[in-house]
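Take a look at the structure set out below.
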Amino acid sequence: MMRSLELQGVDVLFGYPGGAIMPTYDALYDHKSTLNHILVRHEQAAVHAAQGYARVSGKVGCCIVTSGPGAMNTITGVADAMVDSTPLVVICGQVGAAMLGTDAFQEVDVVGVTQPITKWNYQIRRAEDIPWAVARAFYIASSGRPGPVVLDFTKNAQTAMIDYQPQTVDFIRSYNPCPQPAEGALEKAAKMINESVKPFMLVGQGVELAGASNELLALCEKAQIPFGTTFLGLSAAPTEHPLNMGKLGMHGNLAPNVMTNQCDLLIAVGMRFDDRVTGNLKNYAKQAKIIHFDIDPSEINKNVKVNLAVLGDCKQTLAALIDHVDEATHKSWIEGFKPYDEKEYNKVINPALNPTEGPLLMGEVVRKVSEAANNEAILVTDVGQNQMFGCRYFKFTKSRSVVTSGGCGTMGFGIPAAIGATFGAPDRTVCMFCGDGGFQMTIQELGTIMEQQAPVKMILLNNNFLGNVRQWQYMFFNKRYSFTPMANPDFEKIAEGYGIPCRTVVERKDLDAAIREMLDTDGPFLLQCAVMEEDNVLPMTPPGGNVDEMLLEVK
């Protein structure tokens, strides 16, 4: 197993040992010079850390855990990776093949449990199958639309002896990871773009997964196509690019959401028309023709019926399209975004970023951290208001700079994912924003940070609430705050116990200096910001509402 992982280029493993995986850990003892194993404090953290590693590095994340409860503790992360297209290989120990189905100690049907939430899973029952299974797992996880693979590794297969023969896989007969566009599809797409007066592009994470940012910008600049990004696709293009109209979705920007329902051509690239992006499908872009570029045929017409599908790797399809589109200006169409930008800036953004009195606001903290890091840092978020404010007000100049739990919205994701990001991009600054709720879901991983001295810059936005749920209770449940206020511990003392430098900021005048101290400190740092308790993320499309009916304020 160790030699097969080395052959796949694995250099970092995240994991936690246990009885049914102990022979593998014993083998790992002899491979410590090539396989850097990071001991987490909980198996959920192992898979989230592998996700963070994969998202910033572009490599397959890998974690290793024991059977039964160890394997089950990875399930949330596996599901998260599946919906967010993150390439993972999760290796789980399992009881010996002769004991399968006997309800042996710490036996769980891992293959049955993970089948709906993986690209592929496989139970290794014979040592002879290890090289083949590992090679196949990494090929499936990384090719096409990436995703997680689980290998259930029986104990007898871990201890049997074979003559190791290296294996690689670059073809599986029944698996077509990169379909080709239909004949004439690119020419049809170019014709639709050339005839369009009001084109608008939706940019998803698929652009970053394909490494297609340059092709995307070349196409948009030639044809002067304005674009908006999904939350997972935020760093596919620089925040300040003149054609970047902002973020799509429920807590995105006003202009791109409104103009979605005014364009005459909607071009979706590497995104899946998630419900948080589309709002009410009955009134979503009904006036527009729609082109969908995607590598996964199952996404075509799944949520939104399209006029033209262009299958394939978007790095290739966008590159091929550039020569077929005409140079254009669309000046009046692009100018039409500005009134909505100004309205949002005056009503929402300026008050959020430039308050003159009152408690600290989450938005101002996020923007100040981003700018202090020259807008070059990796943004990692947990889930909730910290995530929405983080994605709204952090700025990006480099690709692969966003690590957040999109489709699953997994609280507790932030700390372990940030640990993984520091190993996946050791030369970059990793800034992790978290609320007091999510921080405590995986707070034990401060032990991993302590042991590894992982240089995670943790910004705890503490409002003593489960903030996102509180906001919904405020807006839709008559301010009935049912079990959302939080009684919190002394986070400074907890950080001190782990030997992690910490500073708490209550007053605005101390914020800049504290951020500078955090960024200038070698290794990890916890910056706790006491923020306004009832701050709300705006604009917001009400659940079930139309994308062009965003709320800019709440009563």
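Numbers here are sequence positions counted from 1. For clarity, every value in this text was computed on a predicted model and none was experimentally measured.
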Problem - Phe477, CZ: over 12 other non-hydrogen atoms inside 6.0 angstrom - result: no
Handout entry: Flag for Ser196-Asp264: side-chain donor and acceptor within less than 3.5 Å
Key = yes
Handout entry: Any donor-acceptor pair under 3.5 Å from Asn257 side chain to Gly249 backbone
Key = yes
Practice task
Mind running salt bridge (charged side-chain N to carboxylate O under 4.0 Å, His left out) on Glu496 and Lys493 for me, showing each step along the way?
Solution key: CA-CA 5 Å; Glu496 181 183 357; Lys493 288 183 179 178; over 6 Å; no
Handout entry: Residue pair Leu527, Val505: steps toward the side chain to side chain contact (heavy atoms under 4.5 Å, CB included) verdict
Key = CA-CA 8 Å; Leu527 174 61; Val505 175; 3.8 Å; yes
Exercise for the section: Begin from the C-alpha positions of Phe525 and Glu517 and carry the test side chain to side chain contact (heavy atoms under 4.5 Å, CB included) through to its verdict. Expected result: CA-CA 9 Å; Phe525 194 98; Glu517 180 184 352; 3.9 Å; yes
Practice task
Using only heavy-atom distances, determine whether the side chains of Ser298 and Asp296 contain a donor-acceptor pair under 3.5 Å.
Solution key: yes
Problem - Carboxylate-amine/guanidinium contact Glu335 Lys338, below 4.0 Å - result: yes
Handout entry: Short side-chain donor-acceptor distance under 3.5 Å, Thr404 and Gln387
Key = yes
Completion exercise
Sorted by chain and residue number, the side-chain contact (heavy atoms from CB on, under 4.5 Å) partners of Asn350 (sequence neighbours excluded) come out as Tyr345, Asn354
Completion exercise
Nearest heavy-atom contact between Met82 and Lys119 is SD-N, 3.8 Å
Exercise for the section: Answer yes or no: is there an ion pair linking Glu364 with Arg367, defined by an N-O contact shorter than 4.0 Å? Expected result: no
Handout entry: Glu445 (side chain) donor-acceptor with Arg41 (main chain) under 3.5 angstrom
Key = yes
Fill in the blank from the handout: Here the pair of heavy atoms bringing Gly363 nearest to Leu353 is O-CD2, 3.4 Å
Problem - Backbone of Phe396 reached by a side-chain donor or acceptor of Thr239 within 3.5 Å - result: yes
Problem - Side-chain donor or acceptor of Ser370 paired with backbone N/O of Phe394 under 3.5 Å - result: no
Handout entry: Arg392 and Glu344 ion-paired at < 4.0 Å
Key = yes
Handout entry: Flag if over 12 foreign heavy atoms under 6.0 Å of CZ, Arg276
Key = no
Practice task
Give a yes-or-no answer on whether the side chains of Thr397 and Asn375 include a donor-acceptor pair shorter than 3.5 Å.
Solution key: no
Handout entry: Side-chain donor or acceptor of Asn121 paired with backbone N/O of Val150 under 3.5 Å
Key = no
Problem - Exercise: do Gln106 and Thr66 side chains pair donor with acceptor under 3.5 Å - result: no
Handout entry: Exercise: identify the closest heavy-atom pair between Ser401 and Ala377
Key = CB-O, 4.0 Å
Practice task
Indicate yes or no: at least one non-hydrogen side-chain atom of Asn462 is less than 4.5 angstrom from one of Phe439.
Solution key: no
